[in-house]
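Have a look at the structure below before the remarks.
Residue numbers run from 1 in the order of the sequence given. Values reported hereafter were calculated over all heavy atoms of this structure, with side chains retained and with hydrogens, waters and symmetry mates removed. Since the structure is predicted, the reported quantities are computational estimates derived from the model, not experimental observations.
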Amino acid sequence: GERYRSGVAAEFAISVDRVRALPNAIDNLIDATSPAGTADILLPSRLANDKVWLLDAAIDLATTSSRPLRVVGSGLHADDWRARLEQSCPQPWTLTEIADLGSHIAGADVVVAAGLVAMEAAAAARRVVVPDKAGGWLGAVTTSAMGQMRESNFAAWGSTPITDASSVW
């Protein structure tokens, strides 16, 4: 976003006025409301059937960790997601239809996310785990894993080194 323009300009040795910030998944950098714990799992996502692999991953992690799952987002397939949660999630869960993902991420403990949302959650000092679209996990965002996460743009597409949710928990 706008906050990073000067750093990008310096990195590429160009003037700041040549760097344009495009809208991100989340409008502003999120200021965390409290330290991240492990009480529950948050999935902030567009509620669309092409993103259901994220929901399946979040259900897997909630089930493995015996933690409640909170799903937040907006989209045309919210009813489909509710049905999937009712059928597949043995843990307590909520689904809140809301466009403001940032406020939920700010208070989250563990965030299941990929791509830009994973980067935003990590920047907000949340515990972030990145699933693979094909199943399994890229892993948890940690200092030691940051290089691998950056190389893959915080998304794994079939090259998953971790297959068991308990390994990322």
Note, [X] side chain near [Y] side chain (heavy atom, < 4.5 Å):
X      : Y     : answer
Val111 : Pro44 : yes
Arg82  : Glu97 : yes
Leu43  : Val72 : no
Pro131 : Leu54 : yes
Ser66  : Gln91 : yes
Leu47  : Val71 : yes
Val129 : Leu61 : yes
Asp109 : Ile41 : no

Inset, instruction - Kindly say whether Ala108 contributes a backbone atom to a donor-acceptor pair with the side chain of Arg126 at under 3.5 angstrom? - result: yes

Legend entry - Under 3.5 Å: donor-acceptor pair, side chain of Trp81, backbone of Leu55: no

Inset, instruction - Begin with the C-alpha distance, continue with both residues' side-chain angles, and end with the deciding distance and a verdict on side-chain contact (heavy atoms from CB on, under 4.5 Å) for Trp137 and Val112. - result: CA-CA 10 Å; Trp137 300 87; Val112 174; 4.2 Å; yes

Legend entry - Heavy-atom closest pair, residues Val128 and Ala122: CG2-N, 3.5 Å

Inset, instruction - Compare every heavy atom of Ala39 with every heavy atom of Pro68, then report the nearest pair and how far apart it is. - result: CD-O, 3.4 Å

Could you measure the distance from the [atom1] atom of [X] to the [atom2] atom of [Y]? Nearest 0.5 Å is fine.
X      : Y      : atom1 : atom2 : value
Asp80  : Leu85  : CG    : CG    : 11.0 Å
Leu101 : Leu116 : CG    : CG    : 12.0 Å
Ile59  : Ser88  : CD1   : OG    : 5.0 Å

Legend entry - Lys51, Arg84, Lys133 screened by side chain to side chain donor-acceptor pair (under 3.5 Å) with Asp56, the one that passes: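 Of the listed residues Lys51, Arg84, Lys133, the side chain to side chain donor-acceptor pair (under 3.5 Å) partner of Asp56 is Arg84.
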
Legend entry - Co-membership, hydrophobic cluster, residues Phe12 and Val19, 4.5 Å side-chain: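 Yes; Val19 is reachable from Phe12 via cluster members.
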
Legend entry - Stepwise side-chain contact (heavy atoms from CB on, under 4.5 Å) check, Ile98 with His104: CA-CA 10 Å; Ile98 188 165; His104 288 271; 3.8 Å; yes

Inset, instruction - Flag the pair Arg67 and Asp40 as a salt bridge only when some basic side-chain nitrogen lies within less than 4.0 angstrom of an acidic carboxylate oxygen. - result: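 Judged by the 4.0 Å cut-off on N to carboxylate O distance, Arg67 and Asp40 do not form a salt bridge.
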
Legend entry - Polar contact flag, side-chain donor to acceptor under 3.5 angstrom, Asp100-Ser103: yes

